[in-house]
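Here the structure comes first, spelled out in structure tokens, and everything after it is commentary.
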Amino acid sequence: QLQLVESGGGLVKPGGSLRLSCAASIFTLDYYAIGWFRQAPGKEREGVSCISSSGIYIGYADSVKRRFFISKDNAKKTVYLQMNGLKPEDTAVYYCAAAKRPLGDGWCSFDGAGLYDSWGQGTQVTVSS
């Protein structure tokens with residue numbers, strides 16, 4: 001069974017950067033689309049970014065465009081979320097999730113958490129001065 005482990009969260013000042021990692025316990029990520037989601041206290045979970053199994057398609061929520069960047073290292077079976085220009089409103093628990101897809105597929109989505117089958121335990125990101 002696929003397991004995902006997030007890391008890299010922490011406390012950072014506004015304007016700072018963090019890089020989150022999502023490590024997968026499987027042989028390859030070639031058959032999985034990966035999404036990043038976040039949930040702030042008292043708010044619903046929202047999608048942040050996603051990357052297709054092929055790595056060809058990448059998507060970002062409007063709130064993080066040009067600040068967050070998703071990437072994938074197949075050799076390390078890890079997906080990264082580079083977060084720059086962090087704002088207090090980015091404070092949340094960040095989760096990565098995986099959806100089984102065909103090899104070379106160009107699909108991913110950050111609109112529907114229900115489309116993903118496996119979830120990590122989350123990592124806390126706090127942006128505060």
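Not measured: the values here are computed from a predicted model. Every heavy atom of this structure was used, including side-chain atoms; hydrogens, water molecules and symmetry mates were not.
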Can you pull the ring-ring contact (aromatic ring centres under 6.0 Å, His included) pairs that have at least one residue in residues 34-65, sequence neighbours excluded?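 Pairs touching residues 34-65 that pass the test: Phe37-Tyr116, Phe37-Trp119.
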Qualifying ring-ring contact (aromatic ring centres under 6.0 Å, His included) pairs with a residue from residues 72-103, counting only residues at least two apart or across chains: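 Output for this query is empty, none listed.
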Which residues share a side-chain hydrogen bond (donor to acceptor under 3.5 Å, both in side chains) with [X], sequence neighbours left out:
{"X": "Ser71", "result": "none"}
{"X": "Asp105", "result": "Arg101"}
{"X": "Ser109", "result": "none"}

Verify, without hydrogens or angle tests, whether [X] (side chain) and [Y] (backbone) share a donor-acceptor contact under 3.5 angstrom.
{"X": "Lys72", "Y": "Leu29", "result": "yes"}
{"X": "Glu6", "Y": "Gln121", "result": "yes"}
{"X": "Ser49", "Y": "Gly59", "result": "yes"}
{"X": "Thr91", "Y": "Val127", "result": "yes"}

Among residues two or more places apart or on two chains, list those pairs meeting side chain to side chain donor-acceptor pair (under 3.5 Å) that have a residue in residues 8-27.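 Checked against side chain to side chain donor-acceptor pair (under 3.5 Å) - neighbours excluded - the pairs reaching residues 8-27 are Ser17-Asn84.
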Beyond-backbone contact of Val64 with Arg38, side-chain heavy atoms, under 4.5 angstrom: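 Touching, per the 4.5 Å side-chain cut-off.
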Any side-chain heavy atom of Phe68 within less than 4.5 Å of one from Leu81?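 Heavy-atom side-chain distance check passes, below 4.5 Å.
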Take atom CD of Gln3 as the centre, draw a 6.0 Å sphere, and report whether it contains more than 12 heavy atoms from other residues, nucleotides or ligands.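 Atom CD in Gln3 is not packed in, count stays at 12 or less.
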Glu44, CD: over 12 other non-hydrogen atoms inside 6.0 angstrom: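 Open.
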If a pair satisfies disulfide bond (SG atoms under 2.5 Å apart) and one of its residues is in residues 37-94, list it, with sequence neighbours excluded.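 Listed by first then second residue: Cys50-Cys108.
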For [X], which residues count as a salt bridge (Lys or Arg N to Asp or Glu O under 4.0 Å) partner, sequence neighbours excluded?
{"X": "Lys100", "result": "none"}
{"X": "Arg67", "result": "Asp90"}
{"X": "Asp30", "result": "none"}

Starting from Val5, walk the hydrophobic network (Ile, Leu, Val, Met, Phe, Trp, Tyr; side-chain heavy atoms closer than 4.5 Å) and list everyone else you reach, by chain and number.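 Taking Ile, Leu, Val, Met, Phe, Trp and Tyr as members, Val5 stands alone, with no cluster partners.
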Salt bridge (charged side-chain N to carboxylate O under 4.0 Å, His left out) partners of residues 52-62, not counting sequence neighbours, each pair once: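 Listed once each, the pairs are Asp62-Lys65.
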Passes side-chain hydrogen bond (donor to acceptor under 3.5 Å, both in side chains), Thr126 versus Ser128? Steps please. CA-CA 6 Å; Thr126 302; Ser128 175; over 6 Å; no
